[in-house]
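What follows is a set of notes on a single structure, which appears directly below.
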Amino acid sequence: MKENLNILIKNTLDYCIKEGLLKETTPPNYVVEVPASREHGHLATNLAMMLASSQKRAPRDIAKIIVDNFRDPERFLEKIEIAGPGFINFTISSVEWLKGLKNIIDLDKGYGAAAKRDESVLVEYVSANPTGPLHLGHGRGAALGDTICRILEFRGYEVSREFYINDAGVQIRLLGESVYARWKQIKEPDYPFPEKGYHGDYVIDLAKEIEKEADLSTMDKEAAIITCSEIGKAKMLTELKKDLEQFRVSFDTWFNESDLFKNGLVDKALNEMKEKGKLYEKDGALWISTSGYGDDKDRVIKKQDGQYTYFASDIAYHMDKYRRGFKRALNIWGADHHGYINRVQSALKTNGVSGKWLSVLLIQLVKLWKEGEEIRMSKRAGQYVTMKDLLEEVNVDAARFVFLTKSSDSPLDFDIDMVTKNDNENPVYYVQYAHARICSIFRKAEAEGVDVLPDTDINLLKMLTLEEEIDLIRTLDGFPELLDSICDSFEPHRIVYFLTDLAARFHRYFNLGIKDAENRIITSDVNLSKARLALVAGVRIVLRNGLDLMGVSAPEKM
RNA sequence: GCGCCCGUAGCUCAGCUGGAUAGAGCGCCGGGCUUCGAACCCGUAGGCCGCAGGUUCGAAUCCUGCCGGGCGCGCCA
């Protein structure tokens, strides 16, 4: 609707200028938006106020010119009013809203989707080290990344989901040493455990499993540790994939850091930078001069001991991403990585890649609450709640919904008790209940012999005359725009608030029928019933499509 | 010390590129089911939007400076 109105506004503006009613000017940055109050119509624009300075006239005078000359040949609008300091308020003809509803029902699962566009996005998320189980922070990143990908795809972007496996550095080695030590301890309980090793019980489980698969006792220590590293990593990855799959999160590409070295991509990246004169040696180490590109200081890329730093492989990785031809890249990182953003972007700029090509979405920490107390997580002590633990207690729908409820800028308190409850304290049920309720209405209608999928012709829909009914359609109409705003802002929490608001409007509408039988959806008037069923069918479509984009189920009964 | 994020109702948080009277959930108090699902709805109370300036027709939103909280600033990974 907004788009349609925008066209009319633009035509009117052009007309007024052509007729000399307004001075020629570059179009101001005005907005068309849904006003907060219903008294202000369906849509409103601040155009006249934005024009005031260039026209050197009072906003209300300009508004009057626009309103008096409004170009609306198809009678799209029912009413135009000037209000307040110079807002122009539009009331759209109710037939237009009914057409909008019909469109939603016709498109069904495709409502909210956009045509394929020539824009590819690489989204990297989770990227947990395969040295331990997924924790709640990873869960938040997984829910967020997955939902962003689903929405981008729905809006026509070509999306590739990627998980980067840090498998080339010392932490995999440390995993091997930890597993090896646990294996030794089966026979020699006093065998020393590496100081910085991984203390979690899962390491003991790994040691037991590896013993079944490989005869470590016939190997020398080094070979045994390498075996432990390799098998340990493979097993941890299997676990990660399993947990993620259960969480309805999948990836197109599992990218091994070690492949960057194997395929010579790190050397290649370094050589290119060397040729461009971006590298230099100092104090026996190799440095990259990122400081000219927005970084605070230059960074070491190869240490005195000849080992590459992580930065080296990260540069190679991001250059590889770029060369694979993606138009944009998005990384989803924990907030503790924020110091790294500037560094990576600077490195990209050093290589001639625009800093805007890579966006980074930071997510704040997750705190876990149980029985009114915070459960502090400590990796060193091997004490933390894993995704696996969580999913044993909490269903996937509830977990994903809660992870998505808050802005990623805000730390998340995850209250296990609330999310475990099967009552109205659990926020996911509010939206799901609305969906199930509509399904129930349809079952009832079917039982009463009402044609449940009428061919939604506009004349039938004209039975919808209640204010609440048009309001519902208006909300449904905002769905595609909501999705677009999420694609631009990477703020998927907005969909939660949108769906909660839609569910609230539906519940309120439904409850009108408790007070007054005339307002029930299935009434004694068959045509009215059909029209109202079409309306709630539209609500059901948006609830279902929206929940689907969140990776949350839309149950027919609950 | 420098950088990023946050500060909105008793609690947890929304508030979309600046818009009209700042909202929701939970909690408190009070109401609503003989017929479509009460996992629902309606109503009351509750706010110097951290503080102080600035930008303009207009600021919770943008700018500056403070205050308070979180995180990050390695030849760690």
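In the text below, chain A, chain B and the rest are named by the order of the sequence lines, each starting its count at 1.
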Restricting to side chain to side chain contact (heavy atoms under 4.5 Å, CB included), what partner residues turn up for A44(A), sequence neighbours left out?
P35(A), N89(A)
Looking at residues 278-300 of chain A, who's got a heavy atom less than 4.0 Å off RNA chain B?
K282(A), D283(A), A285(A), W287(A), K297(A), V300(A)
Enumerate the protein-to-nucleotides 11-15 of chain B contacts in which both atoms are nitrogen or oxygen and the separation is below 3.5 Å.
residue, atom, partner, partner atom, Å
U12(B), O3', D413(A), OD2, 3.4
U12(B), O2', K406(A), NZ, 2.5
C13(B), OP1, P411(A), O, 3.2
C13(B), O2', Y497(A), OH, 2.9
A14(B), OP1, S407(A), N, 3.0
G15(B), OP1, H493(A), NE2, 3.0

Anything under 3.5 Å between a donor and an acceptor, one on a side chain of residues 280-288 of chain A, the other on a protein residue two or more places apart or in another chain? List them.
residue, atom, partner, partner atom, Å
Y280(A), OH, D298(A), OD2, 2.6
W287(A), NE1, K282(A), O, 3.2

For A181(A), the side chain to side chain contact (heavy atoms under 4.5 Å, CB included) test, sequence neighbours excluded, returns Y191(A), F193(A), P194(A)
Using nucleotides 42-44 of chain B, report all nitrogen or oxygen pairs with the protein that are shorter than 3.5 Å.
residue, atom, partner, partner atom, Å
C42(B), OP1, R508(A), NE, 2.8

Please enumerate all residues that pass ring pair (Phe, Tyr, Trp, His ring centres under 6.0 Å) together with H42(A), with sequence neighbours excluded.
W97(A)
Please list, chain by chain and in numerical order, all residues satisfying salt bridge (charged side-chain N to carboxylate O under 4.0 Å, His left out) with R343(A), sequence neighbours excluded.
none
Using a 4.0 Å cut-off on heavy atoms, which residues in residues 40-50 of chain A reach RNA chain B? List them by number, or say none.
H40(A), A44(A), N46(A), M49(A), M50(A)
Does anything in residues 405-419 of chain A form a side-chain hydrogen bond (donor to acceptor under 3.5 Å, both in side chains)? List the pairs, not counting sequence neighbours.
W369(A)-D413(A)
Any residue meeting side chain to side chain contact (heavy atoms under 4.5 Å, CB included) with E393(A), in chain and number order, not counting sequence neighbours
K370(A), I416(A)
Which residues share a salt bridge (charged side-chain N to carboxylate O under 4.0 Å, His left out) with E556(A), sequence neighbours left out:
none
